[in-house]
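Quick note on labels: first sequence line is chain A, next is B, and so on, each numbered from 1.
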Protein chains: 2
Amino acid sequence: MTDWYYDFIMAITIKDIAKRVGVAPSTVSRALNGRGRMSSLTREKIRQVAQELGYYPNMLAKGLTTRKTGSVGVVIDRRHIPVERSFYSAIIEAIESTATPHGYHVIFATLKNHSSLKMVKERKVDGVVLIGTDISDELASPLLEEIPVVLVDNHLQGVDSVAVDNVGGAYRAVEYLIELGHRKIGFITETMRDLSFRERFTGYQEALKKHGIKLDEQLIAEGGRQRGSGSIAIEELFDGKILPTAIFVANDYTAVEVIWAIKAAGLKVPEDISVVGFDDNDIARIVEPLLTTVHVPRKRMGEEAFRRLLALIGDSTLPPTKIVFPTELVIRDSSGYKARSTS
Amino acid sequence: MTDWYYDFIMAITIKDIAKRVGVAPSTVSRALNGRGRMSSLTREKIRQVAQELGYYPNMLAKGLTTRKTGSVGVVIDRRHIPVERSFYSAIIEAIESTATPHGYHVIFATLKNHSSLKMVKERKVDGVVLIGTDISDELASPLLEEIPVVLVDNHLQGVDSVAVDNVGGAYRAVEYLIELGHRKIGFITETMRDLSFRERFTGYQEALKKHGIKLDEQLIAEGGRQRGSGSIAIEELFDGKILPTAIFVANDYTAVEVIWAIKAAGLKVPEDISVVGFDDNDIARIVEPLLTTVHVPRKRMGEEAFRRLLALIGDSTLPPTKIVFPTELVIRDSSGYKARSTS
DNA sequence: CTGAAAGCGCTTACAG
DNA sequence: CTGAAAGCGCTTACAG
C-alpha cells in the first residue's frame, strides 16, 4: 500500500533498482550506461529490473554530473516568422526528427529576448543550431564561447555551417531563362542585406556575364523587407524604360507577390513575363501559375545540421566545416519561352 | 591569470558570488530568489555582483532540488506535418513567444518515438501541451499521471483544453452561403475520424436544418487522408445526380484542392460553385481565388494554452477547464451569390 | 567485479 | 539576518 503510494509520487531512481536487485546504486549506474567491466549476469538482471520498473534517468541529475543535457537548441530569427514559416519549419522538423533517434530533445526558440543565450547559460542544451540569415557575429560569439554552434543558411568565419549553393542555384535559374530566349531578365529581391540574397544576385550576374548579356541597373529592384515587397519592386521595374521578359526573384514569397503584381497590371505569367523564384517553399505549389523555382533541400540541411552538431558535441576540437548543398531547378508553370512578338 | 582561465572554463556559480561578496552560498541563493527576509543591503550587493559576473543559475542543479525545469513541452502529431504546417506552426510560435517572457523554454517534439513521454519521464519539462487532433486517451494518460497537460484543438474528458468553436464556425459559414442564395450546399472533409471535422459537420447540419434545407447524402464526400483528398471528393460529388452550387470544406488545405479540382473540371469559382474553407491557413491568401474561410485564432489559442499550463504548473489541483475560442468568417473571393441561371 | 564516498550546483529546513 | 548541513539523483575515481 505505502509502496504503491511511494511509486506514484516519486519517480523510479537507480536507488530503487539497486535495492530491488541487491546491489549498490553505483553498480546500477554502470550497468545501465555500459561502463566498466562487470558480470553480464548482474548487468542483465539490472537492465531487466530497470525495464520492469519503467525507469528513465533523471536528466537533471545526470546532466549535473556529466555536463550533458541530451538537448539541443534550435534558434530562428523572429524576422523569418511568419513569412518564411514553412521554409524554416521544414528545417526545424528535420532537425527534430533526426535528433529524436539519437535520444536528443530540441528546444525551440526565437531570437528576441536573449532567450537563446539564456538557454545556453542555464545549461539546458549541449549545442545550438542557429537558423537564418540574420545571425550576427555579436549574437553568435557569446554562444560560441560556451557551446558548439552550427549555422544554417548563413555563414560566419570560423563557425560550422550548413548552407545551400545560392550562387550556383541562381546561376542555373538565370541560365535556364536565357535558354528560353530571354535577354531582358530582371532581378528582384526584398533586400541586399541578406547574405543569401546577395549570393543569389551574384549567381544572376555570373549567368548574364557568361552569356554575354550586359547587366542593366534598370532591371534590378529591391522591394524592402515588408509585405508587398514584390509589388513595390515591380512598380519600380515597370517605371523604367525597358520591360523585362523574365524576372528572377530571390525568394518564393516575394516571387508570389511579383506574380500578383504582374497580373494586377494586366499582364500574363508566363506569356508576357516569366517568373522564377528561389526556395521551393510550399506556396510555390499553390500560386497560380505554379512557380518555377530553385529547390533548397531543407530536410537534408536540417538533418546534416544536427549530425554536425552531434559530432561537435562529441569532439569540440573538430575543425570548422562548411557544408554546402546543391540546389535543383524545379520547372513548373510560371516560366516559358520568350514570346516571338515582343521586342 | 589562473583566475581568468578558471572563469573561462567553468561557469559562474553561487559559490563564486558568495566568495566575492563574503557571504555563504545559501545567502546568495536566498538573495537571488527573493526568499526570506534579509538586509536589503546585502541583497543588493549580491544581486549587483551576480549581474557583474553575468551569473545564470544552472537549471539542472536548480531543477534537481526544486523539481521545476523552466521548460514546457509542445507535442504535435506527426500526421499534421507538413500539410498543416503553417497552421500548427503559428500555434507553436505563439506558445514560444508567450513562454519566453515568463522565463520558460519550449521543447518541441513530434508524436512518434515516444519522445514526448521520454521528455516527461526524464524530468525535462514541467508540463506539456499536446497539439492536434490525433491525441488519444492512451497517449495522454501516462503523461497526465506525471505532469500538467493542456490539449489544443482536441478534447478529452477531464483534461484541460483550448479549442475552437468548430460547430459555431461551421454554422456561420454555411448560413452565409445560404444567405447568398445557395440551397445545394455540399460538405467535403478529409475524414470524419477527426473530432474537429465531425464538429464542423455538425455545424453544417445545424445550419441546414435551421433554414429548412434537407440534408442530402449525395452532397457529402470524404476524400481520405492523403494528398489529392479534395479532388477525390469532388469527383465523388460530380458523379452524383445533383451538382452543388456551393461547398463547405472542413479545412483550408482540402479546400484548395477542391478549388483546383473544380477549375480542372472546367468550372469557375465562385461563379459556378462557391467554396468556403475552415482554418484561415496562410494558403488561403495564396490560392486563386482567395479563399473565403473561417478564421481560427491560432495565436490567441497558443497564448492561452501556455497560460493555462502555467497556472496548472503552479497549482495542479485546478479543476479542468475547457476554453473555447470563437471563430470569425473571413469573406474573400471564393464565394459569391448563387447564379440566377443555374437550377 | 562491486561498494562507499565525494561531488555536480542548487535550495531549504534548521540553528544560532 | 545569515551560516552549516543535508539532500535532490546521478556518475566517477578510488578502494577492495
What parts of residues 62-70 of chain A reach DNA chain C, counting only heavy atoms under 4.0 Å away?
-> A:Leu64, A:Thr65, A:Arg67
Return yes if a side-chain donor-acceptor contact under 3.5 Å exists between B:Glu145 and B:Ser141, otherwise no.
-> no
Watson-Crick or G-U stems of DNA chain D, 3 or more pairs, under 3.5 Å, by first number = C:1-3 with D:14-16, C:5-12 with D:5-12, C:14-16 with D:1-3
Does the pair A:Asp153 and A:Tyr88 meet the rule for a side-chain hydrogen bond (donor to acceptor under 3.5 Å, both in side chains), with working shown?
-> CA-CA 10 Å; A:Asp153 218 17; A:Tyr88 288 106; 3.1 Å; yes
Which one of A:Asp16, A:Thr27, A:Ile46 satisfies the side chain to side chain contact (heavy atoms under 4.5 Å, CB included) criterion with A:Val21?
-> A:Ile46
Is the distance from OP1 or OP2 of D:dT2 to the nearest side-chain N or O of B:Thr27 less than 4.0 Å?
-> no
Taken to the nearest whole Å, CE/B:Met59 to C1'/D:dC8 is 15 Å
N/O (side chain, B:Thr42) to phosphate O (OP1/OP2, D:dC1) under 4.0 Å = no
Any side-chain heavy-atom pair of B:Val149 and B:Asp160 under 4.5 Å | no
Taking CG from A:Asp16 and P from D:dG9, how many angstroms apart are they, rounded to a whole number?
-> 9 Å
Has B:Arg30 got a side-chain N or O lying under 4.0 Å from the OP1 or OP2 atom of C:dT11?
-> no
Look only at the side chain of A:Glu96 and the backbone of B:Thr110, and say whether a donor-acceptor pair between them is shorter than 3.5 Å.
-> yes
Whole-Å distance between D:dG3 P and B:Lys19 NZ?
-> 15 Å
Distance in angstrom units between B:Arg35 CZ and D:dT2 C1', rounded = 17 Å
Is there a donor N/O on one and an acceptor N/O on the other, under 3.5 Å, for the side chain of A:Ser26 and the base of C:dA4?
-> yes
Got a second to check how far B:Gln51's CD is from B:Ile17's CD1, nearest 0.5 Å?
-> 10.5 Å
Is the closest side-chain heavy-atom distance between A:Lys124 and B:Thr69 below 4.5 Å?
-> no
Taking 4.0 angstrom as the limit, do B:Glu303 and B:Arg300 come out as a salt bridge?
-> no
If you pin B:Val28 and A:Ser39 to their nearest nucleotides in DNA chain C, which one's is more 5'?
-> A:Ser39
Hey, is CZ on B:Arg225 packed in by over 12 heavy atoms from elsewhere, all under 6.0 Å?
-> yes
Give a yes/no answer on whether the side chain of B:Tyr55 brings an N or O atom under 4.0 Å of OP1 or OP2 in C:dC10.
-> yes
Value in whole Å for how far the P atom of D:dC8 lies from NZ of B:Lys124 = 22 Å
Of the candidates C:dT2, C:dT11, D:dT12, the side chain of B:Asn33 sits closest to C:dT11
Spacing between A:Met38 atom CE and D:dT12 atom C1', to the nearest angstrom | 14 Å
Taken to the nearest whole Å, CD/A:Glu122 to P/C:dG9 is 15 Å
Earlier contact from the 5' end, DNA chain D, for A:Ala61 and B:Pro25 | B:Pro25
Spacing of B:Tyr56 atom OH relative to C:dG9 atom C1', expressed in whole Å | 18 Å
Out of D:dT2, C:dT12, C:dC1, which nucleotide sits closest to the side chain of B:Ser29?
-> C:dT12
Audit row: A:Gln48, A:Glu52, side-chain hydrogen bond (donor to acceptor under 3.5 Å, both in side chains) steps and yes/no | CA-CA 6 Å; A:Gln48 193 189 316; A:Glu52 274 172 35; 3.3 Å; yes
